[in-house]
Amino acid sequence: GLTGVPAFEGKQFAKDYKTDQDVRWCPGCGDYAILAAVQGFMPELGIRRENIVFVSGIGCSSRFPYYMNTYGMHSIHGRAPAIATGLATSREDLSVWVVTGDGDALSIGGNHLIHALRRNVNLKILLFNNRIYGLTKGQYSPTSEEGKVTKSTPMGSLDHPFNPVSLALGAEASFVGRALDSDRKQLTEVLRAAAEHRGSALVEIYQNCPIFNDGGTTRPVDPIVLRHGHPIRSETHSVVRNANGKLTVVDGCSDNAVIHDTDDLCHAFALSRLDTTVTGVFRAARRP
Ligand code: SF4
Ligand code: MG
């Protein structure tokens, strides 16, 4: 079981977490893979479904609670972290999860998100980032790249996007991770680490929207995977600027994996600024 949540010894399976609702995302939506990963991993938590709550905001991803056979609330735009904060602080016996998207979390809900992270409320926040507003049919979002052509920005977006991992680290979130919808193994590893973390956890999940932003979640060319849990100091590897002015990692443990000290906020931030996509756990630190 998780800290504060009563343990449950009974057997549970992914099917126990499915509901009788028709899943109403577009065919090929990355949300299906994320739902399957979450339903597959929930039985591992060793707690009852009745002690789990999913609170969502508004957007495609926010239909998530209908499909989880736990308690849940499809709440109001951008306010899921605020509602979940009330629940998590008054009911320590619950494992509280927030499901939100890039528009919901970072535009209308940006304020609620950063303060939930700052306060280190015991919430696990899953930010499905498809870099577009899907539900309202494809407007640019706070994570859309500069120059993004959409119906609302026919000549290309002028806005500079947020990097959600950097933003969360800037708010000193005690747990920050990133994973891809298409990599179930790593997504499950990051979700497991987030679940075990006591405090706020932000997990950015790159999620494909084949209808309005196909491939727009940067299918990573040369992803770097962070390996955590190794008690080594970050001096053994560093993030440096190379001759081309790009940030890169030196002395990683292999070509595409880096052992990273998840207590090291500065190093985590530097990793979040790399020009290549980094996935895994950036930060997992203890804080009241
Ligand atoms: Fe998924 Fe995009 Fe369809 Fe929304 S619009 S359900 S994000 S594919
Ligand atoms: Mg979105």
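Every number for a ligand or one of its atoms is a count from 1 in the order of the listing. Along the sequence shown, residues are numbered consecutively beginning with 1.
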Does the ring centre of [Y] sit less than 6.0 Å away from the ring centre of [X]?
| X | Y | result |
| --- | --- | --- |
| Y67 | W25 | yes |
| H260 | F282 | no |
| F128 | F64 | yes |

Query - Side chain to side chain, K124 and V98, heavy atoms closer than 4.5 Å - result: no
Query - I58 side chain reached by H74 side chain, heavy atoms, under 4.5 Å - result: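 A side-chain contact under 4.5 Å exists here.
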For [atom], what's the nearest protein heavy atom and its distance?
| atom | value |
| --- | --- |
| atom 4 (Fe) of ligand 1 | C60 SG, 2.3 Å |
| atom 8 (S) of ligand 1 | P210 CD, 3.4 Å |
| atom 3 (Fe) of ligand 1 | C26 SG, 2.3 Å |
| atom 2 (Fe) of ligand 1 | C209 SG, 2.3 Å |

Tell me whether [X] has at least one N, O or S atom under 2.8 Å from the Mg ion (ligand 2).
| X | value |
| --- | --- |
| N130 | yes |
| D102 | yes |
| I132 | yes |

**Report entry** Ligand-side contact atoms (ligand 1) for residue partner I211, heavy atom cut-off under 4.0 Å
**Finding:**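 Atoms satisfying the 4.0 Å criterion: 3 (Fe), 8 (S).
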**Report entry** Contacting atoms of ligand 1, where contact means under 4.0 angstrom from a heavy atom of Q207
**Finding:**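 Counting from 1, the qualifying ligand atoms are 7 (S).
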Query - Check: H77/D104 side-chain N/O donor and acceptor closer than 3.5 Å - result: yes
Query raised in the report: For T153, what residues pass the side-chain hydrogen bond (donor to acceptor under 3.5 Å, both in side chains) criterion, not counting sequence neighbours?
Result: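 Once residues adjacent in sequence are excluded, the partners of T153 under the side-chain hydrogen bond (donor to acceptor under 3.5 Å, both in side chains) criterion are T150.
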Query - C29 N/O/S atom closer than 2.8 Å to atom 3 (Fe) of ligand 1 - result: no
Report task. Pick one of side chain, backbone, both or neither for how N130 approaches ligand 1, counting any non-hydrogen atom pair under 4.0 Å. Result ->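 It is the side chain that gets close, since no backbone atom is under 4.0 Å.
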